Visitor: 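Let me give you the structure first, and then I'll get to my questions.
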Amino acid sequence: MKKFLKKLSAVALAAVMTIVPVASVQASNFHDVGSGFAWATNAIATVSSLEIMMGDMSGNFNPNGTIDMFEAARIFARMSGFNPSAHTPAQQSYYNQALASHMALVSTLDNSFNTWNSARNADIAFLLYSGVFFPSDLSNFVVVTGNTETRRIMSREETAVFLVRFMGRTNEAMQTFGVPLFNDHQLITPAARIYVYYLRSLGILNGSEGNVQPRSPITRAAMSVLIVPVLHEVNSTLVGGTGNANQAPTIETVQGTISNTFPDFRAISALSENPSHNNRTFTVIPTAIITINGVNSTFTALQPNMTFTAIMSAGEIVSINATPAQTATTPAEPPANNNVPALADMRVLDGIITRVNTTNNTIGIETRIINPRGEIVTEVRDYTLATGVEITRAGTSVAPNAINVGDLVVARVHNNYAHQLVLEERVTQMTGTLAEKNFGSNSLFPSIVVEDANGNTRSFTTNASTVVQRGNQANIAPRQLRIGDQISLTAEYGRATNINANAVAIPHADVYIRDIFISARGQSFIVVTDNLDGSPDRTHFLVDNHVDPFNLTLGSRVRIWFDSHEIIGVSILQGASATNFTGHIQSLTSTQITVRDAHFQNRTFNIDANTVFFNSVTGQSISMHHLTTGMRVQVVSAATQNNRAVSVTVLMN
């Protein structure tokens with residue numbers, strides 16, 4: 001009932017806002033915009049006349065007021081030209097596509113919070129579709145403290161992030177160099193700095209007396225002053241321009257047969273009776289809805305000879321339905337179970353069973369969420385066990401009456417129904433090898449990953465109360481464990497309470513470095529070999545800053561010292577046979593790459609068929625086509641061929 005009343009209030013509010021168009025008044029006519037806001041008067045007049053930001057029914061603009069995330073969604077949507085109550089037939093198809101792509105996610109959150117503003121769901125879905133919002137941003141709309149929900153206020157640094165995304169300038173922002181720092185630079189969240197300084201480089205965000213106050217709320221007047229130059233920067237049609245990437249483009253329908261697929265480019269080529277579409281290659285955007293015979297699918301399922309109908313926006317496919325070529329041996333598709341949602345539509349919860357009610361067949365699940373501000377939000381919600389719910393414990397199916405308060409659970413839920421529960425006991429004991437550890441300075445939940453004899457892995461959190469013994473060392477910190485240690489532990493609720501570890505004796509080794517992988521997570525590793533004549537490769541980890549991977553070079557012969565499988569020391573045995581150069585990509589062609597280092601020095605390397613490309617975060621080889629300007633990379637070149645790139649490793653997108 002409470003949720004129904006909330007939705008009813010939202011609808012009523014939307015109706016009032018439609019009936020009373022107070023946003024069209026001039027800034028000088030707002031009662032509370034006087035001489036004290038001369039710096040913002042023109043901007044307020046512009047945004048109000050464009051109905052991007054609204055006044056209230058009393059004729060006030062509230063220039064010192066703050067903006068919650070739901071109002072921010074309305075503002076950015078209107079800046080993009082999205083207005084569900086006023087659109088052309090061509091835009092309607094684009095809007096329907098946007099809503100279909102993300103409304104399931106938005107609706108799930110809408111049903112999870114009593115203070116969620118349902119009137120903004122269409123705006124939020126559109127902004128997810130256009131890339132102004134990311135799905136992770138949605139966990140930041142409502143803050144839960146105990147049993148109290150509040151709508152969170154947008155900060156100045158978050159405003160910069162969303163404005164740059166709206167402009168479609170993230171890559172350009174990553175190339176911002178030499179911009180004077182604000183006095184309160186250290187207060188800017190590291191992930192937001194490129195966005196803040198990109199707006200400063202354009203003269204849009206100048207701060208006050210050398211400060212930007214990144215974590216302070218953005219006021220409505222300050223927001224107005226940022227919006228107007230951003231609209232001019234992207235040549236928005238709202239201010240008389242020709243349009244920007246985030247405004248609804250022309251919609252086309254494409255029909256034909258897939259002649260080929262290109263996974264690296266996420267593209268298809270088509271044969272069509274329409275000459276303008278025949279023998280053309282079309283990119284399929286990452287958020288595109290892909291169906292085969294009307295059933296949700298993925299890009300990899302698209303195959304040559306399939307017929308298709310697609311909706312294309314701005315030259316890219318945003319929706320495609322394909323039909324496989326009919327063959328006599330193709331078995332009939334089983335009928336879909338309309339009572340069980342698709343796995344992709346379910347939300348996965350990892351938490352603890354807090355209550356079990358056998359009378360109405362409901363359970364309570366406690367989960368912890370880390371929002372983008374680093375705040376830990378704990379929430380407990382009730383879910384009804386769906387008809388036919390799958391419940392397993394230790395791989396064995398169990399009945400609902402086997403659910404106990406205190407059980408660890410991984411649940412798949414849709415709306416307020418639980419469709420699958422995987423249960424574990426409160427206390428866990430495990431023996432195996434330490435495969436990974438995460439004790440970085442930004443780790444809110446320091447953790448280890450243990451692999452048992454059968455290759456199964458399990459992650460455990462640790463804290464100051466975890467009792468750790470390693471060999472003859474007692475009461476040590478968990479971070480002093482080493483990858484490769486033999487581990488025996490006891491855990492409660494997934495948190496390790498006692499750990500006994502023993503080091504694996506590995507003598508030092510004289511080896512050649514074949515590959516270097518520098519991970520953003522802090523667990524980098526090198527691949528070494530005893531000889532360069534084809535002997536087997538081995539992987540060893542660089543952890544806890546014992547060795548700086550940027551000082552290592554491919555092809556070097558080195559002596560390495562170990563503690564279990566971690567490298568704790570490296571000594572160069574001969575002069576390096578390779579050099580490395582680290583910086584951001586300035587330009588890129590099929591044969592050359594130009595990189596600028598931290599000292600603003602450019603260096604150009606030649607690329608050929610033997611150059612290899614890596615992604616340091618995933619540790620996987622990639623295609624050259626994955627590189628873009630602005631990426632931070634390390635280029636390794638042979639000493640005898642100083643301008644030829646032997647390898648290019650992506651360090652940061």
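What you see is a predicted model, and the numbers here were worked out from it, not measured in a lab. Numbering of residues begins at 1 and proceeds along the displayed sequence.
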Visitor: Rounded to the nearest 0.5 Å, how far apart are CZ of Arg596 and OG1 of Thr582?
Guide: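 Rounded to the nearest 0.5 Å, the CZ-OG1 separation comes out at 15.5 Å.
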Visitor: Tell me, please, which residues at least two apart from Arg169 pass salt bridge (charged side-chain N to carboxylate O under 4.0 Å, His left out).
Guide: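 Arg169 satisfies salt bridge (charged side-chain N to carboxylate O under 4.0 Å, His left out) with Glu233 only.
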Visitor: Is it true that Phe30 and Phe37 have ring centroids separated by less than 6.0 Å?
Guide: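 No, the ring of Phe30 stays outside the 6.0 Å limit from the ring of Phe37, centre to centre.
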Visitor: Which residue in the set Asn206, Leu205, Leu181 passes side-chain contact (heavy atoms from CB on, under 4.5 Å) when paired with Val212?
Guide: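 Checked Asn206, Leu205, Leu181 against Val212; only one passes side-chain contact (heavy atoms from CB on, under 4.5 Å): Leu205.
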Visitor: Verify side-chain contact (heavy atoms from CB on, under 4.5 Å) between Phe613 and Leu627, making sure each step is shown before the conclusion.
Guide: CA-CA 9 Å; Phe613 303 89; Leu627 301 181; 3.7 Å; yes
Visitor: Compare all side-chain heavy atoms of Met167 with those of Tyr198 and state whether any distance is below 4.5 angstrom.
Guide: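 Of all side-chain heavy-atom pairs linking Tyr198 with Met167, at least one is under 4.5 Å.
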Visitor: Would you mind reporting whether Leu163 and Ile204 have side-chain heavy atoms less than 4.5 Å apart?
Guide: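 SC-SC contact between Ile204 and Leu163 ruled out.
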Visitor: Does the side-chain contact (heavy atoms from CB on, under 4.5 Å) test come out yes or no for Arg78 and Asp123, once each step is laid out?
Guide: CA-CA 8 Å; Arg78 297 305 178 269; Asp123 297 320; 2.9 Å; yes
Visitor: What residues form a salt bridge (charged side-chain N to carboxylate O under 4.0 Å, His left out) with Glu172, not counting sequence neighbours?
Guide: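 For Glu172, no residue satisfies salt bridge (charged side-chain N to carboxylate O under 4.0 Å, His left out) once neighbours in sequence are set aside.
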Visitor: How far apart are the closest heavy atoms of Ala270 and Phe282, and which atoms are they?
Guide: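 Closest approach of Ala270 to Phe282, heavy atoms only: CB-CE1, 3.9 Å.
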Visitor: Side-chain contact, heavy-atom cut-off 4.5 Å: Ser118 with Asn121?
Guide: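 Side-chain contact under 4.5 Å: yes.
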Visitor: Has Glu157 got a side-chain atom pairing as donor or acceptor with Ala192's backbone, closer than 3.5 angstrom?
Guide: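 It does not hold such a pair.
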Visitor: Centroid separation under 6.0 Å, is that true for the rings of Phe182 and Tyr197?
Guide: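 Yes - the distance between ring centres of Tyr197 and Phe182 falls below the 6.0 Å cut-off.
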Visitor: Atom CD1 of Ile153 and atom OG1 of Thr66: how far apart are they, to the nearest 0.5 Å?
Guide: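 One finds 3.5 Å between CD1 of Ile153 and OG1 of Thr66.
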Visitor: Are any of the side-chain nitrogens in Asp68 or Arg120 under 4.0 Å away from the carboxylate oxygens of its partner?
Guide: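 Salt bridge absent between Asp68 and Arg120.
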Visitor: Could you report the tightest heavy-atom contact between Leu138 and Trp116, atom names first, then the distance?
Guide: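 Shortest heavy-atom separation between Leu138 and Trp116 comes out as O-CZ3, 4.1 Å.
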Visitor: Evaluate the side-chain proximity of Ile585 to Thr628: yes if any heavy-atom separation is below 4.5 Å, no if none is.
Guide: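 SC-SC contact between Thr628 and Ile585 ruled out.
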Visitor: Holding to salt bridge (charged side-chain N to carboxylate O under 4.0 Å, His left out), I want the full list of residues that pass it with Glu71, two or more places apart in sequence or in another chain.
Guide: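 With sequence neighbours excluded, Glu71 shows a salt bridge (charged side-chain N to carboxylate O under 4.0 Å, His left out) to no residue whatsoever.
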Visitor: The test is side-chain contact (heavy atoms from CB on, under 4.5 Å); show your working for Phe82 and Leu127 and say whether it passes.
Guide: CA-CA 9 Å; Phe82 175 71; Leu127 294 170; over 6 Å; no
Visitor: Please say whether the positively charged group of Arg603, taken as NZ for Lys or CZ for Arg, lies over the ring of Phe581, i.e. under 6.0 angstrom from the six-membered ring centre and within 45 degrees of the axis.
Guide: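 Positive - Arg603 is close enough to the ring of Phe581 and near enough to its axis.
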Visitor: For the pair Thr145 (side chain) and Thr148 (backbone), establish whether a donor and an acceptor sit closer than 3.5 Å, ignoring hydrogens and angles.
Guide: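 No, because the side chain of Thr145 does not come within donor-acceptor range (under 3.5 Å) of the backbone of Thr148.
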Visitor: Would you give the length of the straight line joining atom CZ of Phe308 to atom CG of Leu302, rounded to the nearest 0.5 angstrom?
Guide: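 It comes to 9.5 Å.
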Visitor: Show every salt bridge (Lys or Arg N to Asp or Glu O under 4.0 Å) that has at least one partner inside residues 181-203, sequence neighbours left out.
Guide: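 Sorted pair list comes back empty.
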Visitor: Return the CG to NE2 distance between Leu588 and His625, rounded to the nearest 0.5 Å.
Guide: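 Here the interatomic distance stands at 10.0 Å.
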Visitor: Indicate yes or no: at least one non-hydrogen side-chain atom of Arg74 is less than 4.5 angstrom from one of Asn117.
Guide: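 No - every pair of side-chain heavy atoms lies 4.5 Å or more apart.
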Visitor: Can you check whether Thr170 reaches Tyr195 side chain to side chain, under 4.5 Å on heavy atoms?
Guide: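 Yes; the side chains approach each other to less than 4.5 Å.
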Visitor: Keeping His232 on the side-chain end and Val239 on the backbone end, is there a donor-acceptor pair under 3.5 Å?
Guide: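 Checking the backbone N and O of Val239 against the side chain of His232, no donor-acceptor pair under 3.5 Å is found.
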Visitor: Out of curiosity, Met624 CE to Ile593 CD1, how far, rounded to the nearest 0.5 Å?
Guide: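 One gets 7.0 Å once the value is rounded to the nearest 0.5 Å.
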Visitor: Between Thr291 and Asn321, do the side chains contain an N or O donor and an N or O acceptor separated by less than 3.5 Å?
Guide: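 Yes, side-chain donor-acceptor contact under 3.5 Å.
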Visitor: Please identify which of these residues, Phe166, Phe70, Phe141, Phe126, meets the ring pair (Phe, Tyr, Trp, His ring centres under 6.0 Å) condition with Phe133.
Guide: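 Considering Phe166, Phe70, Phe141, Phe126, a ring pair (Phe, Tyr, Trp, His ring centres under 6.0 Å) with Phe133 is found only for Phe141.
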Visitor: Is the side chain of Gln213 donor-acceptor paired with the backbone N or O of Arg156 at a distance under 3.5 Å, no angle test?
Guide: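 Judged by distance alone, no pair lies under 3.5 Å.
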Visitor: Do Arg381 and Ser112 come close enough that some side-chain heavy atom pair is under 4.5 Å?
Guide: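 Result yes, sub-4.5 Å side-chain heavy-atom pair found.
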Visitor: Which donor-acceptor pairs under 3.5 Å do the side chains of residues 216-231 make with protein atoms, sequence neighbours left out?
Guide:
{"from": "Thr219", "atom 1": "OG1", "to": "Ala222", "atom 2": "N", "distance (Å)": "3.1"}
{"from": "Arg220", "atom 1": "NE", "to": "Phe61", "atom 2": "O", "distance (Å)": "2.7"}
{"from": "Arg220", "atom 1": "NE", "to": "Asn62", "atom 2": "O", "distance (Å)": "3.4"}
{"from": "Arg220", "atom 1": "NH2", "to": "Met54", "atom 2": "O", "distance (Å)": "2.5"}
{"from": "Arg220", "atom 1": "NH2", "to": "Phe61", "atom 2": "O", "distance (Å)": "3.2"}
{"from": "Ser224", "atom 1": "OG", "to": "Arg220", "atom 2": "O", "distance (Å)": "2.9"}

Visitor: Please walk me through it: do Ser155 and Glu158 pass side chain to side chain donor-acceptor pair (under 3.5 Å)?
Guide: CA-CA 5 Å; Ser155 69; Glu158 288 172 321; 3.1 Å; yes
Visitor: Applying side-chain contact (heavy atoms from CB on, under 4.5 Å) to Arg165 and Asp137, what does each step give before you reach the verdict?
Guide: CA-CA 13 Å; Arg165 289 185 192 165; Asp137 296 325; 2.7 Å; yes
Visitor: Can you name the residues that form a side-chain hydrogen bond (donor to acceptor under 3.5 Å, both in side chains) with Gln586, not counting sequence neighbours?
Guide: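 Once residues adjacent in sequence are excluded, Gln586 has no partner under the side-chain hydrogen bond (donor to acceptor under 3.5 Å, both in side chains) criterion.
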Visitor: For the residue pair Ser587 and Thr629, what are the closest heavy atoms and their distance?
Guide: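 Minimum heavy-atom contact is CA-CG2, 4.2 Å.
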Visitor: Calculate, to the nearest 0.5 Å, the distance between atoms CE and CD1 belonging to Met69 and Ile75 respectively.
Guide: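 If we round to the nearest 0.5 Å, Met69:CE and Ile75:CD1 are 10.5 Å apart.
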Visitor: Counting C-beta onward and ignoring hydrogens, is there a side-chain heavy-atom pair between Ile52 and Leu238 closer than 4.5 Å?
Guide: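 They are in contact (side-chain heavy atoms under 4.5 Å apart), so the answer is yes.
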